[in-house]
Each structure stands twice: as C-alpha cells, then as structure tokens.
Amino acid sequence: MLLHYLKTSITQFKRHFSFSFINLFGLATAMAVCLMIFLYVLEEASFDRFHKDAQDIYRISFHLNMQGELMDESVSSYAMGADILNEFPEVIEMTRLSHWYEPVVIWQEDGRHMSVEFGLYAESTFFDLFAFKLLRGNPKTALEDPFSLVLSESLANELFPQSDPMGEVLRLGNRQEPYRVTGIIEDCPTNSHIRYKLLRSYTSLLETSSANFYEWDANINAMTYVRLAPGSDVEQLKEKTKPLTFEKVNYKFEGMGVHLTIGYFPITDIRLRSPFSAEMVETGTLSKVWILSAVALFVLFIAGFNYVNLTIAKSGKRAKEVGMRKVLGANKRSLSRQFYTETLLMTGISFIVGLLLTEFSLPLFNHVLGTQLSLLDTPWWSWIMVLFIFVGVFGLLAGLYPALFMAAFQPVKILKGEFWTKPGRFQPRNLLLLIQFVVSMALIVCTLVVTLQNRHLYTRNLGFNSQGLVVIQTDNLDDATLLSNTFEAYPWVGTMATGSSFPGGQTYMEGVEIQGMEPGIMTSRIWVDYNYKDALGLQMADGQWFSGDGEFEAQNVMVNQAFVRKTNWDDPIGKTIGRGGQEFRVAGVLEDFNYQSLHHEIEPLMLNILASRPNYIDRSYWLVVQYSEIVESEVIRVLGDEWNQLFPSKALAYHFLSQHLEMQYENERSFGRLFMGFTILAIIIAMLGVLGLSSFIAQQKQKETGIRRVLGASVYSILSEMSTTFVKWVFAAAVIALPLAYWYMEKWLAGFAYAIDFPFWTLIAALGGMLILAMAIVIIQSYRTANINPVESLTYE
Amino acid sequence: MIKAIDLTKVFRTEEVETTALNQVTFEIKEGEFVAIMGPSGCGKSTLLNILGLLDNPSGGEYHFIDNEVSNYSEKQRANLRKRNIGFVFQNFNLIDELSVFENVELPLIYLGYSASERKKRVEEVLDQMQIMHRKNHFPLQLSGGQQQRVAVCRAVVAKPHIILADEPTGNLDSTHGDEVMNLLETLNKNGTTIIMVTHSQRDASYAQRIIRLFDGQIVTEDKSTEFVLTAAAAH
C-alpha cells in the first residue's frame with residue numbers, strides 16, 4: 001500500500017510540475033530560512049556552555065548607583081576577586097582577565113610589526129576555570145611568570161610558519177616589552193563571550209603599571225570570574241557580599257547618595273542577556289534571537305499556508321480521482337494516508353533542497369551576521385529535531401487539512417460534477433489567504449520602519465563634522481606636534497587638533513564636585529587643544545572657547561548642554577567645578593554633540609585645555625586632521641610614508657572618522673539587511689501562493705468566464721470581477737495587519753534614545769504595495785482565462 | 001440478490017424539494033442482466049447510485065445480498081461495495097495519473113491483496129479483455145473503446161457479484177459500443193449480475209429484463225420493448 005502511495009505521489013509531482021514547483025520552492029526556501037535561523041539560535045544559545053559545569057561559573061558585576069543614576073559594568077576592580085575568593089567558602093575558584101579594547105602591536109625580529117585584536121591579560125588560573133584547551137605548554141604555569149605569552153594556534157602559525165614558537169621572544173606594544181612564548185592555545189571558539197588572540201600573564205601588568213591594584217574603587221578594568229560550589233545559592237552570596245562591600249568601599253560614600261553593589265552574573269547568560277557595557281563581543285542578542293525566530297515562524301507558516309491553499313485549490317482537479325477511489329472502496333483513512341504520504345514526500349524533498357539552499361546561502365548569512373555557522377558543526381540531536389519538526393510535525397500539519405478536506409469528498413457529488421463549494425459558503429482557504437496577506441503587510445511595515453530608523457541613526461546630525469577627518473593615535477604630545485608640523489606642508493590639510501579622545505573614541509567617566517550638589521555628578525572628560533572646536537566643527541551655545549593653548553587656560557573648562565541640564569544651572573558661565581582638589585571655572589558651553597554612539601543619550605562632558613593635564617607631554621593623544629579635495633587612498637599613502645619616516649619603530653593606528661562612526665552601527669545595519677532579506681523572501685513565498693491560487697481560481701472559473709464572454713462581457717469586466725476577490729481580502733487583511741504593525745513598531749521605536757516619529761505613510765505603502773503585487777499576479781493569471789475563446793472554455797467543462 | 005421496497009429519494013435545497021425516486025419496488029435475482037431505462041431526469045442515475053451503495057435512500061428498504069442497507073454509514077457501504085460491486089461509467093472515470101495496470105489494480109489494493117496476487121489478477125483480466133499490450137499506457141493515450149475496456153477490467157478484477165454500468169456505451173461509436181456490450185454479456189453468461197442504465201434500445205436488447213422509470217416511478221418491467229414503448233407513450 002505504501003508503495004502505491006509513494007508511486008501515486010511521485011506521479012502527482014511529475015504531472016503537476018508547475019504546481020509542485022511552486023510548493024517545493026516555497027517550502028524549500030522557507031526551510032532554508034528556518035534552518036539558517038535555527039543554526040543562529042542554536043549558536044547563540046550555546047554561548048559559553050562548553051566550559052565544564054558552566055552553570056556554576058559567574059562573572060562579578062559592578063553596579064554603581066550615583067543619586068539614582070545607574071552604571072552597570074562588566075568589569076570590576078582587580079582587588080575584588082581575591083577578597084571574594086578568600087571570604088566566601090562557596091567561591092571555589094577565581095580568575096581575572098583584562099582587555100584594553102585596543103589592538104596590540106607585535107614586533108618581529110626584522111622590525112616588521114602587526115596589530116592584533118583581542119590581546120588579553122589573564123591569570124594562571126585561566127585554564128582551571130575555563131575549558132579553553134592549551135595545546136602546548138603547561139596550563140598551571142603558562143601564565144604565571146611576568147612577560148609570559150600564550151598565542152592562539154592561528155596566530156602562532158602566522159608568526160612562526162616554519163619554526164617552533166615555544167620559548168621564542170616577541171616584543172609587544174609601543175614600549176616593545178619582551179614576552180616569551182610559554183604556550184599555544186586553541187583558537188577561540190566562536191560561541192564564547194571571551195575573545196582572545198593572545199594572552200599575556202596578568203603579572204606582567206602588575207609589574208609594569210603603577211596603578212592601585214589593592215582598592216575596591218580603583219583600577220576597575222578586570223573581568224572577574226568565579227566558580228561556585230555546586231548547589232550554591234547566588235542570591236545568598238550576593239547578600240553576604242554586601243557587608244564586605246561596605247567594609248571595603250561603601251563606607252567612604254556614606255551620606256553621599258553613592259552606593260556600590262556587587263552582583264554575580266551567570267556566564268551562560270552573558271551573550272543573550274548582558275546589560276553591561278564594555279563587553280568584548282556583542283551581547284544582549286536575545287531580542288535578535290526572538291525577532292529572527294518570529295521571522296522563521298512567519299516564513300514557515302506562510303509556506304505551510306501556501307501548501308494547504310494550493311493543495312486544496314488543486315483538489316478540484318483531483319476530485320474525480322478521489323471520487324473514483326472511494327467508489328472502488330477507498331475509505332477516509334486510506335485516502336488521508338495517501339495525501340499524508342504526498343505531503344511527507346513533498347516536505348522531505350523540500351527539506352533536502354532546503355539543506356542545499358542553506359549550504360549555498362550560509363556564507364552570505366555568516367558575512368551579514370558576523371557568524372561562522374556551519375551545517376556540519378551542528379550537533380546530531382539537532383538534526384533529528386529539525387527533521388522531526390520540518391518533515392514530521394510540519395508535514396503532517398500542512399497535510400492534515402488538505403487530507404481531511406479531500407478525503408471527505410462525497411463520491412456521488414463528484415460523479416455528478418457537484419464538487420465545487422457553493423458560493424457564499426465560508427471557505428477555509430480564504431482564511432489562510434487572509435493570514436498570508438496580514439503577515440506580508442505587517443512585515444512590509446516593520447521592514448520599512450526598521451530601515452528608516454537605521455537610516456536615521458546613520459544620517460542624524462551628530463552636532464559635529466565627521467566628514468573629511470582622519471584621526472591618528474600618537475604616543476605623546478611631542479609625536480603629535482611633530483606629525484602635525486609635517487602635515488602642515490600639504491596643501492590639502494585643513495585644521496589640525498590634538499585631544500585625549502575624539503567623537504566615537506573611548507572616554508571615561510569621572511566624578512566632579514558641583515557647588516550646592518552632593519555628591520556632584522559623573523561626567524566624561526576630554527583634554528583638547530585650542531583647535532579642537534574648529535577641527536570638529538563644534539558649536540558654542542554660550543560663553544567663549546579657550547583663547548589659546550597656554551597654561552593660562554588651565555583654570556577654564558568647557559561643558560556641554562547635557563552637563564548644564566544635569567546641574568540645573570540657570571547661568572552656567574563662571575560656575576565652578578571641582579575635581580581632585582582643583583577648581584575649574586566654566587568659560588563656555590558647547591552645543592550638545594554625540595561624542596558617544598547613538599546607542600547612548602548625550603551625557604555630561606567637560607573639556608579641559610591639554611596643558612592643564614598632569615604629565616600632559618607624555619600621555620598619548622589623537623591627532624585630528626581635516627583634509628579636503630583628496631581621495632582617502634592618497635591620505636593613507638602620505639600618512640604611511642610620513643609616519644614611517646618620523647617613527648620607524650612605532651606602529652601606525654588611525655581611523656577615518658566617518659568610517660569609524662559607521663562601524664558603531666554595523667550590528668544594526670547588518671541585522672537590518674538580514675531582516676529585510678528574510679522579509680522579501682517571505683513576501684515572495686506569499687506571492688507565489690497568490691500566484692498558484694489565482695491560477696487555480698482562473699481554471700475553476702473557466703466555464704463561468706466562457707458563459708460571460710458569450711453573453712457579451714468584455715475582457716476588462718472579467719478581469720475586474722476576478723481580481724475583486726483578492727482585493728477584498730487585501731483590504732480585510734489591512735484592517736488587521738496595519739494597526740498591529742503600528743502598535744508593535746511604536747513599542748520598538750520607544751526603545752531608542754534617538755527614534756523617528758512613526759512614519760504613517762508606511763501603512764499606506766504596505767497596503768498599496770500588497771494591492772499592486774496581488775493585483776498584478778491575479779490579472780496576469782486571469783488574462784489568459786479571460787482571453788480564451790469561449791467555445792474552448794465551454795467544451796472544457 | 002437485490003430487493004427494493006418503496007425506495008424513495010428526495011433532494012432538498014432551501015427552497016425546493018425534488019422527489020427523484022417515488023416508492024420504487026422491484027427485485028433483481030442473482031445472474032440477471034437488467035436494464036434501467038427512462039427519459040432524462042426520471043431518476044435512473046439516482047437509483048443506480050443507491051443500488052451501487054454510493055448513496056442512501058430517503059425512505060423505503062434496500063436489501064443487498066440479505067442485508068438491509070438503507071441506513072448504513074458511508075464506511076459500512078464502502079466495505080460492502082468494494083467486495084461486491086464493480087462500476088462502469090459512461091465517461092470511463094479512469095484516473096488519468098495512473099497507468100492502465102495501476103487503474104485496474106486499484107480495487108485490489110483497497111481489498112488488501114498482496115502485490116504478487118494483484119499482478120497475477122490484473123494481468124489475467126487484461127489478457128482476457130485483450131488490452132494487455134497497453135498496460136503501461138495512460139488513459140489519455142487510449143481510444144474511447146480501449147478506455148472503456150480498461151474500465152470494465154477494473155470493474156471485474158475483484159470478481160464482484162454485481163456490475164453496475166451507467167450508460168457504458170454513451171461515449172462510444174457503435175463498433176466500440178457493441179464490443180463493450182458483448183463483454184458485459186459474456187460476463188453475465190459467466191454468472192455476474194449486471195444492472196445497466198441506458199438510453200439505447202440497442203444496448204437494452206442485451207438485457208433479460210428492462211425496468212422503465214418515469215418521474216421517479218417504475219412504469220413497466222418487461223422484456224418486450226415494443227409494449228413498453230407504447231405504455232410509456234400512453235403515460
């Protein structure tokens with residue numbers, strides 16, 4: 001019997017090839033989309049779970065409350081880890097990492113150098129806590145001694161293609177400190193929130209830095225991980241940490257409205273749920289996972305609806321077959337089985353085609369999302385699950401309705417030619433069509449709004465000039481001056497300025513005292529020279545900019561409007577700000593500019609003149625160079641040549657400011673592109689459904705059309721008659737889809753610091769777009785039928 | 001074998017009630033060849049659908065091989081039908097997607113025959129009907145006469161007790177029509193009961209008895225066509 005079902009299914013597939021192709025294409029595409037999203041979700045969910053007893057590993061988090069203003073940090077002070085390990089018996093292991101967020105320069109013997117991202121400092125307990133495999137060297141000692149270096153396997157191969165790296169010495173950083181290679185570690189897994197290319201022993205940092213490593217409120221840049229004894233109560237540990245936090249640090253802040261809380265964040269939650277700043281990789285991806293999962297479900301549903309719709313539409317053609325089978329003794333069950341077999345065969349083939357499509361599309365998907373997903377790396381159980389869901393559940397669900405529908409045909413009616421449902425009676429396929437239109441329209445609105453919001457982020461006036469600027473990192477002020485003097489000779493160079501940071505660069509928050517405000521406020525601070533305002537095109541809102549670069553400006557400070565708002569000053573000019581025993585006078589107020597990415601609201605900022613900075617000559621700076629009427633490649637060439645002449649033993653680090661700023665939104669941009677890609681696919685699949693359905697309706701109406709034509713109807717009147725059905729459903733869908741999309745996107749936009757107003761025209765565009773698409777398809781389909789010679793259509797019946 | 005007592009079939013729509021069969025009573029014995037005749041709309045096909053267990057009557061009794069089946073469910077009817085009745089239709093009703101062999105094989109599949117048994121029986125009957133050489137063809141590749149021969153093969157392959165033929169020659173020219181009628185006659189001679197609805201006097205002449213319907217009622221039951229014609233005209 002099964003063989004017969006299979007044979008019939010294959011014959012059906014071949015006989016109705018165009019119909020089968022629409023179904024196959026729709027299902028296979030949907031499966032490919034789902035499979036890719038499934039791989040993505042699987043990867044996201046697997047983050048940091050490969051460590052032994054990963055559920056017992058936590059990262060210490062740092063929550064500072066300053067008069068209601070909250071700072072949640074992934075880093076804590078170096079001192080905390082050891083104290084917590086010593087104090088609480090349930091904390092059985094601890095290790096610390098430090099990441100400096102800037103590439104590490106590696107110098108080779110011949111003077112060549114390369115920049116490497118993710119150069120971490122790590123402790124010797126790194127390999128106790130984490131499951132990262134040390135391929136060469138001793139895990140107990142590899143990171144013990146100062147100036148020990150563990151290279152990732154690929155980096156080791158790159159640096160020492162011919163020789164053994166173990167024991168070799170490499171010079172790191174602009175200070176060219178010598179590090180000895182003591183180990184080779186496997187390349188960092190892609191599903192780890194910790195990223196490394198090389199690990200330096202933490203003891204090297206302790207030896208070379210004069211920072212305070214012993215206070216809880218100093219040197220806050222260590223990611224501290226602890227392993228708790230199995231079954232430990234984290235909430236209880238948090239409570240127990242409070243008195244220790246008071247003893248170590250909070251007692252200093254008493255009565256000032258400042259309070260530090262220590263938290264323990266599960267490492268398995270970091271990727272999806274981390275609210276913390278300063279992570280090594282993108283985190284907080286849970287919303288992406290949800291959105292993409294919803295898209296996957298939508299696509300699968302649309303494809304499923306298509307299958308059901310087209311199968312039922314086609315059932316008219318198969319009515320005779322079903323009727324005859326019943327006359328010959330088939331019962332409902334055997335017929336249902338036959339149709340299930342057809343559905344399973346179709347979904348099975350679609351699954352295979354979907355796999356191939358996935359394999360071909362994964363490189364693009366990976367490129368857009370920055371992932372390294374691969375079908376082959378997927379665990380075996382997930383294959384069984386996917387197969388079960390796609391072919392089993394989905395196949396049966398999509399097959400259920402058509403199977404029951406067709407199996408319920410009454411042979412007498414079919415043999416009498418009374419198969420088609422009487423007009424006016426509710427037809428479930430219309431409901432399915434309605435849902436497809438609803439989903440498609442809602443997706444169109446969402447895609448348009450997401451695209452507009454993203455574009456708003458890139459093109460928003462940031463309050464400064466970002467075009468035609470290159471920023472170059474220098475080791476000290478002398479280097480910056482030397483470089484700017486050299487550049488002055490080039491006619492295409494405009495204003496040049498020096499600062500401790502630049503818009504989009506790293507800034508640090510500092511606490512400042514404000515008269516009449518306890519305990520003051522937190523503000524970012526940048527040291528700048530006189531030209532900084534003009535080079536970046538900053539605007540004054542009040543007061544005067546610095547009058548020169550001399551130390552006579554040391555007492556003056558510029559603040560931004562956000563600073564003024566925070567302090568509630570009516571007249572800011574002349575007000576004083578205290579910091580580290582010094583007092584500064586506000587000489588000018590700058591209009592707000594986005595010195596951080598648009599993910600953050602503009603926060604208070606103060607600008608001091610360079611010369612007022614302690615040891616200002618020896619600190620590193622960014623040189624901002626305006627250029628015009630020259631291509632970027634020429635700027636790079638000149639910069640490289642001049643740099644190599646001036647500083648042959650130093651590595652060059654620079655950004656074009658506009659590109660650097662764009663990079664900040666790369667995640668949103670690629671996600672937006674992906675979302676749009678999937679939406680377009682979903683709409684194509686939905687429209688394929690409309691195509692199939694309209695073609696069957698056209699066939700079904702062939703006789704009616706013939707009669708109408710005989711009675712004098714024009715082609716135009718027949719086309720309008722045929723398209724009315726679809727237009728009706730598009731409008732009905734709009735009533736559901738548009739308010740729903742509006743409600744959801746309003747909520748989504750509310751999550752942005754800088755959001756567009758909801759663009760109402762997108763609703764009209766979605767409705768219009770859907771109408772045009774659906775009408776075009778229906779009219780093209782119906783045109784043939786309407787043009788058939790009525791004699792032919794009537795004999796067909 | 002078949003006994004109908006006051007068999008009635010009424011079709012109801014929201015506005016109209018149509019009596020297709022009005023208290024029809026007759027009996028057909030095993031091995032008979034009976035023709036049912038009458039003008040269009042007289043209830044012939046309705047009667048055939050009820051006799052073929054494709055539909056239930058609205059009233060009266062229908063005894064089919066000693067079972068009173070007028071209130072049987074679709075499932076019960078299907079069960080009885082597939083074991084006892086073979087059908088031949090005016091428009092052949094072959095399944096276009098299946099080959100000749102597969103079409104003929106179909107009743108045996110639903111009766112649960114093994115693949116080897118099916119092959120044996122199908123080939124036997126195709127051979128008998130001299131259509132074996134076309135067994136891998138699809139219905140649309142055959143002439144009308146050949147298609148109806150395949151339909152007859154399908155009707156007899158499960159060795160049913162009764163064959164119901166609804167205008168079996170209606171779509172055929174006279175040569176092919178005679179061919180089919182000869183087939184039915186042979187089957188009848190071999191013991192199969194045949195009930196045939198027809199418009200054709202020529203086809204009816206193959207039958208041993210003719211039941212004539214008019215407006216849902218039996219007007220005569222006779223072998224003599226001339227007498228019947230007169231009676232119908234008088235009516």
Side-chain angles (χ1 to χ4, degrees), chain A residues 1-17 19-20 314-339 341-342 345 404 406-419 422-425 795-797, chain B residues 9 11 13-14 20 45-46 48-50 52-56 73-99 101-115 118 138-140 151 154-155 157-158 160 164 166-167:
Chain A
M1 195 71 116
L2 185 68
L3 197 68
H4 171 73
Y5 293 156
L6 269 176
K7 251 162 87 181
T8 313
S9 305
I10 292 165
T11 316
Q12 280 295 332
F13 190 92
K14 285 200 284 201
R15 281 279 159 136
H16 305 280
F17 186 74
F19 163 84
S20 307
K314 199 189 70 161
S315 62
K317 274 195 163 182
R318 297 189 67 178
K320 188 178 105 177
E321 176 201 334
V322 175
M324 254 343 275
R325 283 179 186 273
K326 281 202 150 187
V327 167
L328 297 174
N331 54 28
K332 257 190 191 178
R333 191 194 290 175
S334 64
L335 282 170
S336 300
R337 269 196 216 138
Q338 182 192 329
F339 294 121
T341 313
E342 280 177 29
L345 186 77
L404 292 180
M406 288 200 268
F409 288 167
Q410 288 184 12
V412 176
K413 288 198 172 169
I414 294 166
L415 296 176
K416 278 190 196 165
E418 288 177 12
F419 157 70
K422 302 272 186 301
R425 213 179 115 188
T795 43
Y796 160 85
E797 274 291 318
Chain B
K9 181 73 184 178
F11 292 105
T13 61
E14 280 166 19
S45 292
T46 307
L48 199 71
N49 285 339
I50 294 171
L53 299 172
L54 293 172
D55 207 355
N56 273 342
S73 67
E74 161 61 21
K75 200 175 164 186
Q76 288 171 306
R77 280 187 274 131
N79 219 3
L80 208 54
R81 184 167 69 220
K82 69 180 172 189
R83 286 173 205 290
N84 298 296
I85 307 174
F87 289 88
V88 179
F89 297 95
Q90 176 178 4
N91 54 0
F92 326 131
N93 277 336
L94 296 173
I95 297 173
D96 296 338
E97 283 79 12
L98 301 183
S99 68
F101 183 95
E102 287 163 341
N103 263 292
V104 178
E105 184 190 26
L106 218 45
L108 301 179
I109 288 177
Y110 293 121
L111 283 169
Y113 281 80
S114 70
R118 290 203 301 265
F138 287 92
L140 296 177
R154 185 179 64 185
V157 73
L164 294 183
D166 189 358
E167 306 262 9

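Chain A is the first sequence line, chain B the second, and so forth, proteins listed ahead of strands; every chain is numbered from 1. Worth saying up front: this structure is predicted, and the values here are computed from it rather than measured. Quick note: numbers below take in every heavy atom, side chains included, and nothing from hydrogens, waters or symmetry partners.
Neither the backbone nor the side chain of Leu111(B) comes within less than 4.5 Å of any heavy atom of chain A. Using a 4.5 Å cut-off between heavy atoms, Asp166(B) makes no contact with chain A at all. In this structure, no portion of Phe92(B) lies under 4.5 Å from any heavy atom of chain A.
Scanning both residues, Lys326(A) and Arg81(B), for their nearest heavy atoms gives O-NH2, 2.7 Å.
Put simply, the side chain of Met324(A) does not reach to within 4.5 Å of the side chain of Leu106(B), judged on heavy atoms.
Residues passing the side-chain hydrogen bond (donor to acceptor under 3.5 Å, both in side chains) test with Arg154(B), sequence neighbours excluded: none.
Distance CD1/Ile109(B) to CZ/Arg325(A): 7.5 Å, rounded to 0.5 Å. Interatomic distance, CG of Leu328(A) versus CD1 of Ile85(B), reported as 11.5 Å (0.5 Å rounding).
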